[in-house]
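Convention: sequence-line order gives letters A, B, ...; per-chain numbering from 1. These figures come from a predicted structure and were not determined experimentally.
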There are 2 protein chains.
Amino acid sequence: MIGPLEKLIQALKHLPGVGEKTATRYAFYLLNASPDETQELIRAIKDVKQTLRLCSACFHLTDADPCAICADERRDVTRLLVVETPLDLMAVEKTGSFRGVYHVLHGVLSPLDAIGPEDIRLAELLERVKAGTITEVVLALNPTVEGEATATYIGERLKEQSVKVSRIAYGIPIGGSLEYTDPLTLSRALENRKEL
Amino acid sequence: MIGPLEKLIQALKHLPGVGEKTATRYAFYLLNASPDETQELIRAIKDVKQTLRLCSACFHLTDADPCAICADERRDVTRLLVVETPLDLMAVEKTGSFRGVYHVLHGVLSPLDAIGPEDIRLAELLERVKAGTITEVVLALNPTVEGEATATYIGERLKEQSVKVSRIAYGIPIGGSLEYTDPLTLSRALENRKEL
């Protein structure tokens, strides 16, 4: 095997779900691609690494602080939707069914993995609700054991606040993930959210 | 969608067989990967683009000229195996069954795509055979219409040379089953039956 090609294949094998054959296909594609195209890819990787950080308000990924959603004055700041990851946020945003603002937890409570309330953006969520502008919190966590437990925990913690807490409806198949749910099912789940 | 992330997803979608979802997965992987890891990938892409060229003898991809195979004195230079692409060469090399040298055509004749003898490394092949060292040419082209036509064409062109020309066998793959073999392969396997 030729050194530089082998190194590229090894590097590409780090991508999720990519084995030797797929990495080889990608490597040959890149080898034969125009210099402009590979330059564009390299620039895009560098940009993502250098410019993306977390919004100081909602903790979504952004290249400007606050993020475009938090900075958008047309959004309803009284309604807050809580998700696990930026990908989940993007999935909800794609449905166009929610015009409030978001809060990204960056994880869920998982005692087995030693992830407690202080390991996710939970204190910041409680802080935002305490500030008083928010009147409704929609929990859009994944229907997993950890997601459910986290939703219940957040519901408990928000009980003393004068805020409506709801959870998106089942309709998302149990064991599935928000990221891969089709927009229609996801907007149905939003419509049918139930108060806790 | 966040600008830099969207740009990276678009760039990754150029990879063969990669759609929106896979590109998004890759983009998030790269976003969360260590700076060392992404740097390694970027360096590997640049290296491949900058250092790889074609061996002036066999036209295989290489970072040194002649390539490692052509430079290897233990290889049998009297036997030449002809392939379409560097990937095909690497597939043959991986078997360890061939200890001669190679010739990469970089394509096959395809009148429909306006690819004629002058568009592939055919003149160079005839030149190498004419030089006189080679006593056997093994054609390892893909069993497609174009591959067959190219093999026949090369066979014709080499007729006047005192060289043995053979073609790798087509038949049922080892571990395959008759039931699931397509009719064309099966009839080839029957035609090419060998007396025990």
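Connection of F98(B) to L105(B) is not established within any shared hydrophobic cluster, with ILVMFWY side chains joined at heavy-atom distances below 4.5 Å, either directly or through further cluster members. Under the 4.5 Å side-chain contact rule for hydrophobic residues, I42(B) and L5(B) share a cluster. Under the 4.5 Å side-chain heavy-atom criterion for Ile, Leu, Val, Met, Phe, Trp and Tyr, I120(A) and I154(A) are members of the same hydrophobic cluster. Follow the hydrophobic side-chain contacts under 4.5 Å out from V137(B) and you reach V101(B) in the same cluster. In the hydrophobic cluster analysis, where Ile, Leu, Val, Met, Phe, Trp and Tyr join through side-chain heavy atoms closer than 4.5 angstrom, Y170(B) is grouped apart from L139(B).
The candidate with the highest count of non-hydrogen atom pairs below 4.5 Å against chain B, out of L12(A), N32(A), T85(A), L87(A), is L87(A). Options V18(B), L89(B), L30(B), L31(B) differ in how many heavy-atom pairs under 4.5 Å they form with chain A, and the most are formed by L31(B). When each of E37(A), K7(A), H14(A) is checked for heavy-atom pairs under 4.5 Å with chain B, H14(A) comes out on top.
The interface of residues 46-82 of chain A with chain B, defined by heavy-atom distances below 4.5 Å, comprises K46(A), D47(A), V48(A), K49(A), T51(A), L52(A), H60(A), L61(A), T62(A), D63(A).
One finds the CG atom of L41(B) at 14.0 Å from the NZ atom of K13(A) (value rounded to the nearest 0.5 Å). Taking CG of L15(B) as the reference point, atom OG1 of T22(A) lies at 10.5 Å (rounded to 0.5 Å).
Scored by the side-chain hydrogen bond (donor to acceptor under 3.5 Å, both in side chains) test, E40(B) finds no partners at all (sequence neighbours excluded).
In plain terms, the two heavy atoms of P16(A) and Y26(B) that are nearest each other are O-CE2, 3.5 Å. Minimum heavy-atom separation, Y180(A) to R25(B): OH-CD, 3.3 Å.
With a threshold of 4.5 angstrom between heavy atoms, E93(B) does not approach chain A through any atom at all.
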